[in-house]
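See below for the structure under consideration.
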Amino acid sequence: MKLKVMPELPEVETVASGLAKHIVGLKITDVRVNLPKLINLKPALFRKSLLGRRITAVRRRAKVIIIELSRSKRIERIKRNNLNQINRLDQLTEYLVIHLKMSGQLMYLRPADSVQKHTHIIITLSNGRHLRFRDQRQFGYVRFYDRAGFESFLAEHSFGPEPLDGFSLSDFRELLKSRPHSKIKPLLLDQTFIAGIGNLYADEILFYARVHPLKPAGRLKPVEVKDMYVGMQKILRKAIKERGSSVELYVDADGRPGNYVRYIKAYDREGKPCLKCGRKIIRIKIGSRSAYFCPKCQPR
DNA sequence: CGATTCCCCTGATAGC
DNA sequence: TGCTATCAGGGGAATC
């Protein structure tokens, strides 16, 4: 089976949470960059910016992995000076921001593990392990930001709400009202509209709710909006539980493949029978993206 | 402002 | 066999 699964919210969540349990608390002891165009600083400065930093958290926003760093020396000095300034500590936080785009992988490995083709960045940690960034298509990136730079990054992207983070049905209704003329599928893929959904999960959500991908958001019936909301919650949560979907390109932080691929009902199933009605799933192009759906269950 | 198109890149695949 | 053309796709940039 040759399913090209790109990292979306569940996959990125799996990578971030998997990494967190291994690398939080460790320091960065070495940095090697083989493909400088994937980073945002000159390699020497990038390396210098990271050396000695301690990893304090790993989290996800939209499809982006955020590794929080602290400069231990400065934090220790503030503590020693007995300054009661938590806000100051916050200002000193620095960030590694990683986007996997289509084919990126971020893996926690032993130094002895063979360096696979397309490994572009190797970060050595204080326990001797490696954090390696691979990306066959070179669309991904790894960026270093100080607090201000990170704030700018977030501001420039203006990501929409996280669908699983206190996002209610009425939030979804209101959001849809803001873009009544947009086709629903491209809207689900728009990261400024809602964060983290990509081509696979968008198709699965629309299939679940029996909604045609070209339907304008403003023409969705209330029951369709509700079904999309419920489907979004169920599908994304189930996919996280199953460690995402993966077959070939995407591997989680421990190198283990995800299991959600078993539950996929529409995506990449062109010509195969719809699991609800038996009709063949069709594929159309919307913009330059494929959309897979059942023409009978998801009528226009 | 929103919608659309092009482009980054490599590897799989088709056609000859 | 081995070449070349085509395609896939997240999202940024340019264009209308």
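Within every chain, numbering begins at 1; the chains are lettered A, B, ... in the order of the sequence lines, protein sequences first and strands thereafter.
Between His99(A) and dG12(C), a side-chain N or O to OP1/OP2 separation shorter than 4.0 Å is absent. The side chain of Arg289(A) contributes no N or O atom lying less than 4.0 Å from OP1 or OP2 of dC7(C). Between Lys101(A) and the phosphate of dC8(B), there is no side-chain N or O to OP1/OP2 separation shorter than 4.0 Å.
Stacking between Phe139(A) and dG11(C) is absent: the aromatic ring centre is not both under 5.5 angstrom from the base six-membered ring centre and within 30 degrees in plane angle.
For residues 146-164 of chain A, proximity to DNA chain B is found at no residue, defined as any non-hydrogen atom under 4.0 angstrom from a strand atom.
For Ile284(A) against Leu214(A), the heavy-atom pair with the smallest separation is CD1-CD1, 4.0 Å. Between Ile264(A) and Leu275(A), the shortest heavy-atom distance links the atoms O-CD1, 4.5 Å.
For residues 197-238 of chain A, the pairs satisfying ring-ring contact (aromatic ring centres under 6.0 Å, His included) are Tyr201(A)-Tyr260(A), His212(A)-Phe293(A), with sequence neighbours left out. Residues in residues 118-139 of chain A take part in no ring-ring contact (aromatic ring centres under 6.0 Å, His included) pair, two or more places apart or across chains.
Summarising the geometry, the separation between CD on Gln138(A) and P on dG12(C) is reported as 18 Å, rounded to the nearest angstrom. Between Lys185(A) atom NZ and dG11(C) atom P the separation is 13 Å, expressed in whole Å. With rounding to whole Å, His120(A) atom NE2 is found 8 Å from dT10(B) atom P. For the pair Met102(A) CE and dC8(B) C1', the computed distance is 11 Å after rounding to whole Å. The interatomic distance linking Lys37(A) (NZ) with dG12(C) (P) rounds to 16 Å, in whole Å. The interatomic distance linking Leu200(A) (CG) with dG9(C) (P) rounds to 11 Å, in whole Å. The nearest whole Å value for the distance from the CD atom in Gln136(A) to the C1' atom in dT10(B) is 5 Å. In this structure, the CD atom of Glu8(A) is 11 Å from the P atom of dG9(C), given to the nearest Å.
Hydrophobic clustering, defined by side-chain heavy atoms of Ile, Leu, Val, Met, Phe, Trp and Tyr closer than 4.5 Å, groups Tyr95(A) together with Val64(A), Ile66(A), Val97(A), Tyr141(A), Tyr145(A), Phe150(A), Phe153(A), Leu154(A), Phe159(A).
Minimum atom distance to the side chain of Ser290(A) is reached by dG9(C), of the listed dC8(B), dG9(C), dG11(B). Of the candidates dA8(C), dG11(C), dG10(C), dG11(C) carries the atom nearest the Gln191(A) side chain, counting heavy atoms from C-beta on.
Applying the side chain to side chain donor-acceptor pair (under 3.5 Å) test to Lys63(A) and every residue at least two apart in sequence or in another chain returns nothing. Applying the salt bridge (charged side-chain N to carboxylate O under 4.0 Å, His left out) criterion to Lys296(A), with sequence neighbours excluded, gives no partner residue. Arg60(A) is linked by a salt bridge (charged side-chain N to carboxylate O under 4.0 Å, His left out) to Glu13(A), Glu162(A), counting only residues two or more places apart in sequence or in another chain.
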Mind listing the side-chain donor-acceptor pairs of residues 32-39 of chain A below 3.5 Å, one per line with the distance, residues two or more places apart or on another chain?
from	atom 1	to	atom 2	distance (Å)
Arg32(A)	NE	Asn34(A)	OD1	3.1
Arg32(A)	NH2	Asn34(A)	OD1	3.4
Asn34(A)	ND2	Thr119(A)	O	3.3
Lys37(A)	NZ	Gln138(A)	OE1	3.1

Using atom types as modelled, flag every donor-acceptor pair under 3.5 Å from a side chain in residues 215-222 of chain A to any protein atom, sequence neighbours excluded.
from	atom 1	to	atom 2	distance (Å)
Lys215(A)	NZ	Glu224(A)	OE1	3.2
Lys215(A)	NZ	Glu224(A)	OE2	3.2

Could you write out each protein N or O paired with an N or O of nucleotides 13-16 of chain C at a distance under 3.5 Å?
none

Please list, pair by pair, any protein nitrogen or oxygen found under 3.5 Å from a nitrogen or oxygen in nucleotides 2-5 of chain B.
from	atom 1	to	atom 2	distance (Å)
dA3(B)	OP1	Ser182(A)	OG	2.8
dA3(B)	OP2	Arg179(A)	NH2	2.8
dA3(B)	OP2	Ser182(A)	OG	2.9
dT4(B)	OP1	Lys183(A)	NZ	3.2

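Heavy atoms of Asn199(A) sit under 4.0 angstrom from primed sugar atoms or phosphate atoms, though from no base atom.
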TODO: Could you walk me through whether Arg132(A) and Asp113(A) pass the salt bridge (charged side-chain N to carboxylate O under 4.0 Å, His left out) test, one step at a time?
DONE: CA-CA 11 Å; Arg132(A) 295 190 194 155; Asp113(A) 293 329; 5.7 Å; no
Task: salt bridge (charged side-chain N to carboxylate O under 4.0 Å, His left out) evaluation trace for Arg179(A) with Asp190(A) - done: CA-CA 11 Å; Arg179(A) 301 280 293 279; Asp190(A) 181 347; 3.5 Å; yes
- [ ] Could you go through the salt bridge (charged side-chain N to carboxylate O under 4.0 Å, His left out) check for Arg147(A) and Glu94(A) one step at a time?
- [x] CA-CA 6 Å; Arg147(A) 177 81 187 180; Glu94(A) 294 167 323; over 6 Å; no
TODO: Could you go through the salt bridge (charged side-chain N to carboxylate O under 4.0 Å, His left out) check for Arg47(A) and Asp30(A) one step at a time?
DONE: CA-CA 7 Å; Arg47(A) 181 173 187 276; Asp30(A) 199 10; 2.9 Å; yes
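Residue Ile123(A) forms a side chain to side chain contact (heavy atoms under 4.5 Å, CB included) with just one option from Thr29(A), Leu26(A), Leu96(A), Leu106(A), and that option is Leu96(A).
At its two ends the helix from dG2(B)-dC16(C) to dC16(B)-dG2(C) runs along axes set 50° apart, each axis drawn from five pairs and the angle rounded to 10°.
Between Leu189(A) and Lys285(A), the one whose closest nucleotide on DNA chain C sits nearer the 5' end is Lys285(A).
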